[in-house]
Structures are given as C-alpha cells and as structure tokens.
Amino acid sequence: MEIIRDLGALARHTYPVTAIGNFDGVHLGHRAILKAAIDHARAAGGTAFALTFDPLPAKVLAPARAPRLILTPDDKLEMLRLSGTDGVIVLDFTRELSRLSPRDFVRDYLRAKIGVREVVVGHSVSFGHNRAGNAAMMVELGREFGFDTEVVGPIKIDGLEVSSTKVREAIAAGDLRGAARLLGRYHFLRGPVVRGRERGRTIGFPTANLASETECIPPDGVYATRVILDDGAYPAITNIGMRPTFSETERSIEAHIFDFTRDLYGTRIKLELIERIRAERKFDNADALKAQIALDLSKVREILSAA
C-alpha cells in the first residue's frame, strides 16, 4: 500500500477514487466508506485512496477538548491497509489548512493535487473552514468540479449508529464487547513492555507492564485479554489501575500471560481487550489478592475459550 504525505510527490493516476475521513478506529462505518471507494475504483479500473489527516483536526483546533484517539497513527495506517485500499493520503493538518473554505479545499486538494474522479464520504462528514462543508456540499462541489460523490451511511449495529464517539463511549464505560460490535474487532492497546515494580512476580503472577501509546484506555479494572506477539496470540489477564492493595500512586497496565516464561522487556506488544470482568479493588493483604486472582483466572480462561 502506498502512503503519500507529500501531494507534490503523488504520481498521476488515471482514475483516483478517494474516501475522505478522520478514520479514527477504522470502525464498521469507516469500512463501509472504504469498501464503497474500493468497489468504485475496481469497477472503473482506477485507484482507491483513503484521505485522512494527521494530527486529528481537533488536536490542533481545540486540544483541550480533543478526544482520545482509538488508534495510534501507525495502527490507523495498518487498519487502512487491511481494508484493501491502494493508498493512503495523509494530509498534515495545520491551522492554515483549517482556514481553507470547503470550495477551496475541494478545488486545491481534491481536484488540482489528487485529480479525483470519484469521492466517497460518510453522511456526517464535515470539511473546510469552521466545518462549513457537509455531505450535500460535497455533492454540489463535485458537480461543479467534475467528479461524482457517493454519500454512505448511517451504518447501524443493533439499532445504534456506528461512530468513533460511540466507540469511545463504550470503551470509557468498560463495555469492550459493545465497542467490538461497532469496531468489527476487539479494541487493542499498543506499546512497549517496560519495567515496573514487579509486584506480580512477588505473589506468583509475573506481568508484562505495557506503556500504552494508544490513548483510548478503558477504566480501571481486571480484563480478559490476549497479548499479540509476532509468533501468535497468547491468553492473558490484565489489570489496569493503581494497584490499591500495594498503595501505588501511578496507573499501570499489567498483563499476566498464561503459561509464559519469556522476557518481554523492550518488546512492542499488542494487547487485545476482550471483556472487563470486575472493577479494581483494594484487598486486606497479598494473600487475599492472590485468592481473588485465582478466581479471576478461572473466569478469564472461560471467557477466552469462547472468544
């Protein structure tokens, strides 16, 4: 898959079809948009692009209110690759870009620099200065500048419209199953394994301490998880929180991988979150915690055997 960060270096394509969006999460709604673009490109013998922005526009325009990203930028690119697009155009989102009117953005970027023949957007798309452009305007501008526009959506799962906001809300509530239904996959965290206080090792449950680069982290609690390494997926139980039994003051993400003895320090891992099994609690002592962990392990094994 081609990744284009400099439109000046973009080779001319005879029939570019471009799906436009932030694509944070690459959830089922996004996938419907991407699939439509791919289908149109294949039918016309063209090239399917996803056009997205880095950083997320809200990170530039309203950083204090910007949402936590569901995917790291690299993971978003990987998910877009897996969608089947031929290339991803990543526009550097700046305040200068944000001041372009919807018409100027379409004229200067979609037509002049990309040469789009077809555009695919979601029904709730916004673009241009003050988010003045919407799906209906994209259709009108397409007529003016000579390209066709398809508007996709809304996509609903169990009566709920799929959106990045709804995915974030589900994750924030600890509803990982609900988030998975909207994403079409399990939510995951990504990052390196770093050294922690090694509390788990002292009570017989050594853990991999994840320094998450993924921003969208579920609430404190105990989770049924899988650790994804280069050689496969490993079942694990993960605690997210402050380890109140030990009066810790820093939040951590610690995964105990079943029947696993390898040293993972410095290794980048993917932590797949399947289900939250309970909230984090403070126990009277380490023995009480160990007894609860034994119960938690049994529950997690049951969940993962059916996942």
Side-chain angles (χ1 to χ4, degrees), residues 22-32 56 67-72 74-76 78-79 82-83 155-193 200 205 207-229 232-244 251-258 260 268-281 292-293 295-307:
N22 288 320
F23 298 121
D24 183 30
V26 193
H27 54 59
L28 291 177
H30 294 148
R31 288 198 228 171
L56 193 75
R68 294 179 177 180
L69 295 179
I70 299 166
L71 292 169
T72 67
D74 284 346
D75 281 329
K76 180 168 76 169
E78 175 62 10
M79 296 299 293
L82 292 173
S83 76
I155 304 300
K156 294 186 177 183
I157 303 294
D158 299 329
L160 183 68
E161 184 176 329
V162 179
S163 70
S164 296
T165 297
K166 292 299 183 185
V167 172
R168 292 188 193 98
E169 289 174 352
I171 294 168
D175 181 11
L176 277 307
R177 296 285 189 182
R181 284 193 291 273
L182 302 178
L183 289 166
R185 58 173 175 82
Y186 291 113
H187 180 50
F188 62 86
L189 309 179
R190 176 92 67 180
V193 174
F205 298 99
T207 60
N209 190 14
L210 173 67
S212 178
E213 296 166 356
T214 308
E215 295 179 356
C216 205
I217 299 171
D220 293 355
V222 179
Y223 293 83
T225 58
R226 282 190 287 250
V227 171
I228 313 299
L229 303 176
Y234 294 84
I237 182 171
T238 297
N239 186 84
I240 299 176
M242 305 293 286
R243 295 164 293 188
R251 179 163 282 102
S252 64
I253 303 170
E254 296 180 302
H256 170 69
I257 307 173
F258 301 165
F260 191 88
R268 293 181 56 77
I269 66 172
K270 174 179 174 181
L271 181 66
E272 205 171 50
L273 299 154
I274 311 300
E275 186 174 322
R276 186 175 191 248
I277 63 170
R278 66 171 175 86
E280 190 178 45
R281 290 168 45 199
Q292 180 62 55
I293 291 175
L295 296 174
D296 294 340
L297 285 169
S298 178
K299 178 68 173 175
V300 167
R301 289 183 189 276
E302 179 184 340
I303 290 169
L304 294 179
S305 68

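Starting from 1, each residue takes its place in the sequence as its number.
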Find the distance between CD (Glu78) and OG (Ser83) and round it off to the nearest 0.5 Å.
10.0 Å

Calculate, to the nearest 0.5 Å, the distance between atoms CG and CE belonging to Asp220 and Met242 respectively.
7.5 Å

Taking ring-ring contact (aromatic ring centres under 6.0 Å, His included) as the test, write out the residues that go with Tyr186, two or more places apart.
none

Can you tell me how far the OG1 atom of Thr225 sits from the CD1 atom of Ile257, to the nearest 0.5 Å?
8.5 Å

Spacing of SG belonging to Cys216 relative to CG belonging to Leu71, to within rounding of 0.5 Å
9.5 Å

Backbone N or O of Tyr223 within a donor-acceptor pair of the Thr238 side chain at under 3.5 Å?
no

Considering residues at least two apart in sequence or located in another chain, which fulfil the side chain to side chain donor-acceptor pair (under 3.5 Å) criterion with Arg226?
Glu272

Closer than 3.5 angstrom, by distance alone: can the side chain of Lys76 be matched with the main-chain N or O of Ile70 as a donor-acceptor pair?
no

Leu210 side, atom CG; Arg268 side, atom CZ - distance, nearest 0.5 Å
9.5 Å

Heavy-atom pair of closest approach, residues Ala170 and Gly178:
CB-C, 4.3 Å

Ala224 and Ile277 have their tightest heavy-atom pair at N-CG2, 4.4 Å

Hey, does the side chain of Arg31 reach the backbone of Leu183 with a donor-acceptor pair shorter than 3.5 angstrom?
yes

Could you list all the salt bridge (Lys or Arg N to Asp or Glu O under 4.0 Å) pairs where at least one residue sits in residues 157-169, not counting sequence neighbours?
Asp24-Arg168, Asp158-Arg181, Lys166-Glu169

Begin from the C-alpha positions of Leu229 and Lys270 and carry the test side-chain contact (heavy atoms from CB on, under 4.5 Å) through to its verdict.
CA-CA 7 Å; Leu229 303 176; Lys270 174 179 174 181; over 6 Å; no

Where the side chain of Glu215 meets the backbone of Arg68, is there a donor-acceptor pair that is under 3.5 Å apart?
no

What heavy-atom pair brings Leu28 and Val162 nearest, and what distance separates the two atoms?
N-CG1, 4.1 Å

Checking His256, Glu280, Glu254 against Asn239 for side-chain hydrogen bond (donor to acceptor under 3.5 Å, both in side chains), the one that qualifies is Glu280

N/O donor to acceptor pairs below 3.5 angstrom from side-chain atoms of residues 297-307, sequence neighbours left out:
residue, atom, partner, partner atom, Å
Ser305, OG, Arg301, O, 3.4
Ser305, OG, Glu302, O, 2.7

Check Asp175, Ile253, Ile171 against Pro218 for a side-chain contact (heavy atoms from CB on, under 4.5 Å) and give me the one that passes.
Ile171

Check ring-ring contact (aromatic ring centres under 6.0 Å, His included) between Phe23 and all other residues, then give those that pass, not counting sequence neighbours.
His30

Among residues at least two apart in sequence or on other chains, which ones pass ring-ring contact (aromatic ring centres under 6.0 Å, His included) with Phe260?
Tyr234

Please name the pair of heavy atoms, one in Ile274 and one in Leu176, separated by the smallest distance, quoted to 0.1 Å.
O-CB, 3.6 Å

Quick check on side-chain contact (heavy atoms from CB on, under 4.5 Å): which of Thr214, Leu271, Ile269 does Arg190 satisfy it with?
Thr214

